[in-house]
Amino acid sequence: MGESNKATTPSNAGKSMDAIVALCKRRGFIFQSSEIYGGINGFWDYGPLGVELKRNLKDAWWHDVVRCPPDGPDGQPIDMVGLDSSIIMNPKVWVASGHVGGFNDPMQTCHQCKKLLRADHVLDLLWESKWLMSLAEYLDGLTNTDPEAQERAQSWAKKEGKKLAPGLAFVRGDAKAISLLIIELALCLPSRNKLHPNPPFCPYCGGDLTEPRQFNLMFESHAGPIKDDDNKVYLRPETAQGIFCNFRNVVDTSRVKVPFGIAQVGKAFRNEVTPRNFTFRSREFEQMEIEFFINPDSAKQWYAYWRDSRYAWWQSIGLAGENLILREHDKDELAHYAKDGAGTSDIEYKFPFTAPGFGELEGVAHRTDFDLRQHAQHSGLRDKLKYFDQDLQVQLQSQGVSKEEIAKRSKYFPHVIEPSAGADRGALALLCEAYTPDDTRPSKVYMRFHPRMAPIKAGVFPLVNKDGMPEVARKLYRELRGRFAVQYDAKQSIGKRYARMDEAGAPYCFTIDGQTLTDQTVTVRHRDTQQQERVSIDRVPAFLAEKVGSP
RNA sequence: GCGGGUGUAAUUCAGUGGUAGAAUGCCAGCUUCCCAAGCUGGACGUCGGGGGUUCGAAUCCCCCCACCCGCUCCA
């Protein structure tokens with residue numbers, strides 16, 4: 001890494017990912033999973049400080065999204081409830097969601113240039129490939145039965161073919177190996193008529209492609225004692241489907257009315273081809289997802305509401321400034337389920353390893369009614385999964401709409417706005433944002449966490465470990481620890497203790513000194529400025545509560 | 001999955017075939033009335049793992065694993 005991280009924007013200047021990873025290990029934020037056995041690719045453990053950080057993030061999310069979400073567009077409180085669904089579900093769920101069929105894309109690799117390709121993209125790429133176009137030009141519309149076609153192909157192989165398609169069998173030396181298929185393919189180019197569903201030629205070099213192979217994007221296991229296909233189950237690749245599958249349960253039992261949301265925090269698993277960038281792309285990760293169910297007519301309004309309020313939320317916990325952006329997707333990058341929707345946005349953070357680019361923290365998507373319809377169909381429940389909108393019914397009645405029309409319009413599949421955030425990515429962004437090199441202080445670096453996110457809220461120290469100070473400090477510590485994550489430390493010099501708290505990112509330190517014993521005040525040392533002030537020892541809990549907030 | 005690089009203490013790193021080291025951190029004690037001060041003592045190593053060559057391997061060879069970079073992928 002090193003070199004690539006030096007030339008970033010001012011807000012990322014001096015932040016090396018290597019140094020952040022080292023600090024995470026040294027201070028107990030994040031460890032490699034199974035480290036004593038050599039680790040395992042794509043899996044990570046959170047240490048004592050890391051788990052506090054991630055828990056603060058998840059607790060803040062739960063509080064700000066489930067218990068007390070921002071008021072709706074009409075200024076009224078919105079309905080939101082929580083859920084905790086199982087990781088392993090009936091495998092039909094993943095057929096309905098499309099994960100079993102659609103996302104298990106067969107892949108092919110090129111024997112010559114080793115490129116990895118999606119089998120269903122090969123033909124399209126071939127039509128655009130330079131070498132095939134060049135060959136087609138040489139053949140100039142001859143028919144494939146024309147003997148001249150082979151001669152021209154041979155002369156092409158000796159000239160352009162050498163540069164454009166070094167991997168192609170007859171270019172590589174076997175001049176007799178001119179494949180009829182290749183010639184036919186080239187002749188088809190203008191009309192793009194498919195001759196072969198998977199022509200085994202690399203679009204980049206002309207090399208031989210392997211047979212299409214299935215990549216396992218979902219982790220599989222077996223429920224029950226017999227390990228056969230009848231018992232095959234999947235570890236969920238997203239928490240969302242647990243919410244959709246419980247849509248009716250929640251509606252029937254919770255007195256919620258559209259518009260309302262169901263929120264869930266939980267682990268998800270994806271067998272990523274290439275785990276990369278520390279915890280950013282892991283095979284086991286934690287999601288914080290909301291499915292917000294709405295009347296389709298209000299999709300635009302609610303999409304904008306969630307997009308903007310989720311962006312504001314990440315800012316509120318300390319990801320501010322130019323490192324955080326809100327990016328609306330272009331039409332062509334929309335997921336299959338969002339093509340007809342009001343839009344999709346990413347909330348993205350400029351990580352040291354993505355800079356000057358950005359990496360996704362949260363996606364806000366209008367998923368239309370795709371998922372509920374899929375489950376309605378696959379479960380056989382059909383219209384029973386529809387929502388009966390009694391408010392709408394009353395409203396339509398008062399407008400004098402016909403009974404038939406009312407029956408039709410007040411039963412529908414709600415549309416869904418899905419704000420889906422990555423807890424591990426969020427924690428990683430908090431770590432990167434907090435990491436602040438500072439050569440002027442003893443620790444050379446401090447973690448500038450937002451007080452609400454900080455794993456340790458405060459240190460409590462006796463200035464010297466005698467003269468009655470430890471007793472007073474311990475008493476304060478015992479008072480505070482019931483409400484806040486605080487640490488007591490009396491060892492070594494006061495400077496070392498401040499430095500340790502800087503690296504852990506504790507925003508405050510309370511120090512009992514000689515003056516405390518006479519006037520009942522303590523010093524508060526502020527992490528970011530290193531400034532001190534005196535407050536009455538009685539006021540310390542209130543001081544912390546005010547600064548740290550809740551939860 | 002491909003190519004390149006790296007892997008020695010908690011961290012950063014030195015150590016090119018002959019007794020595993022340094023700095024920082026950590027722990028204990030002394031000292032210390034505000035920023036890793038000082039002094040004394042201490043603990044911590046499967047040298048990424050396994051196999052091979054050798055009288056002898058951190059060092060040479062083979063296989064594997066992990067991390068970083070690039071490609072590819074990312075519903």
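These numbers come from the heavy atoms of this one structure, side chains and all, not from hydrogens, waters or symmetry mates. The sequence lines fix the lettering, A, B, ..., with proteins before strands; numbering per chain opens at 1.
- Atom pair A:Arg276:CZ and B:C68:P shows a separation of 7 Å (rounding to whole Å applied).
- For the 3.5 Å distance criterion, the side chains of A:Tyr303 and A:Ser345 qualify, holding a donor opposite an acceptor.
- Judged by distance alone, the side chains of A:Asp371 and A:Gln241 do bring a donor and an acceptor atom under 3.5 Å apart.
- Here B:C73 sits opposite no nucleotide as a Watson-Crick or G-U wobble pair (both hydrogen-bonding atom distances under 3.5 Å).
- Taking the P atoms as reference points, B:C30 lies 42 Å from B:G7, given to the whole Å.
- Applying the 4.0 Å criterion to OP1 and OP2 of B:A28, one finds that A:Lys491 has a side-chain N or O inside that range.
- Within a 6.0 Å radius of CZ in A:Arg55, no more than 12 heavy atoms belonging to other residues, nucleotides or ligands are found.
- Spacing between atom CZ of A:Phe43 and atom C1' of B:C65 amounts to 15 Å, rounded to whole angstrom units.
- Regarding contacts with the backbone of B:A10, every side-chain N or O of A:Lys25 stays at 4.0 angstrom or more from both OP1 and OP2.
- Rounded to an integer number of Å, the gap from A:Phe280 CZ to B:C69 P is 12 Å.
- The structure places CD of A:Gln264 at 3.5 Å from OG of A:Ser85, a figure rounded to the nearest 0.5 Å.
- B:C13 is paired with B:G21 under the Watson-Crick or G-U wobble criterion, all donor-acceptor distances under 3.5 Å.
- Judged by Watson-Crick or G-U wobble contacts below 3.5 Å, the nucleotide B:A66 has B:U6 as its partner.
- Residue contacts shown for A:Phe278 are limited to sugar-phosphate atoms, with no base heavy atom under 4.0 Å away.
- A heavy atom lying under 4.0 Å from RNA chain B marks the following residues of residues 34-42 of chain A, by number: A:Ile36, A:Gly38, A:Gly39, A:Ile40, A:Asn41, A:Gly42.
- Side-chain atoms of A:Asp438 and A:Thr440 form a donor-acceptor pair, as typed in the model, at a separation below 3.5 Å.
- Between the P atom of B:G1 and the CG atom of A:Leu217 lies a distance of 13 Å, rounded to the nearest Å.
- Taking atom OH on A:Tyr204 and atom P on B:G1, their separation rounds to 20 Å, with Å as the unit.
- Rounded to whole Å, the separation between the C1' atoms of B:C61 and B:G17 comes to 14 Å.
- The same atom, C1', is picked in B:A58 and in B:G50; the two are 16 Å apart, to the nearest Å.
- A:Arg448 forms no cation-pi arrangement with A:Tyr435, by the criterion of a distance under 6.0 Å to the ring centre and an angle within 45° of the ring axis.
- With hydrogens and angles left out, the side-chain atoms of A:Gln515 and A:Arg534 include a donor and acceptor closer than 3.5 Å.
- The residue among A:Phe285 and A:Gln32 whose nearest nucleotide of RNA chain B is located toward the 5' end is A:Gln32.
- Between the CZ atom of A:Phe353 and the P atom of B:G70 there is a distance of 11 Å, rounded to whole Å.
- Across the P atoms, B:G1 and B:G56 are found 37 Å apart, a figure rounded to whole Å.
- Taking the C1' atom of each, B:C33 and B:A28 are spaced 23 Å apart, rounded to whole Å.
- Rounded to the nearest Å, the gap between the P atom of B:C60 and that of B:G41 is 38 Å.
- Only the P atoms considered, B:U8 is 8 Å distant from B:U12, to the nearest whole Å.
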Legend entry - Protein-to-nucleotide contact annotation, 5' to 3' order, nucleotides 33-41 of chain B [B base; S sugar-phosphate only; - none; under 4.0 Å, heavy atom]: BBBBB----

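- Under the 3.5 Å distance criterion, the side-chain polar atoms of A:Thr516 are matched with a main-chain donor or acceptor of A:Thr521.
- For B:C26, the paired nucleotide is B:G42, the pair qualifying as Watson-Crick or G-U wobble because both relevant distances are below 3.5 Å.
- Side-chain contact annotation: A:Tyr46 with A:Asp424, donor-acceptor N/O pair under 3.5 Å present.
- Using modelled atom types, one finds a donor on one side chain and an acceptor on the other under 3.5 Å when comparing A:Glu433 with A:Tyr349.
- Using a 4.0 Å cut-off, some side-chain N or O of A:Asn277 falls inside it from OP1 or OP2 of B:C69.
- Taking the C1' atoms as reference points, B:G18 lies 45 Å from B:U31, given to the whole Å.
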Inset, instruction - Begin from the C-alpha positions of A:Phe510 and A:Ile537 and carry the test side-chain contact (heavy atoms from CB on, under 4.5 Å) through to its verdict. - result: CA-CA 9 Å; A:Phe510 301 105; A:Ile537 196 165; over 6 Å; no

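- In this structure, CZ of A:Arg283 is placed 14 Å from C1' of B:C67, rounded to the nearest angstrom.
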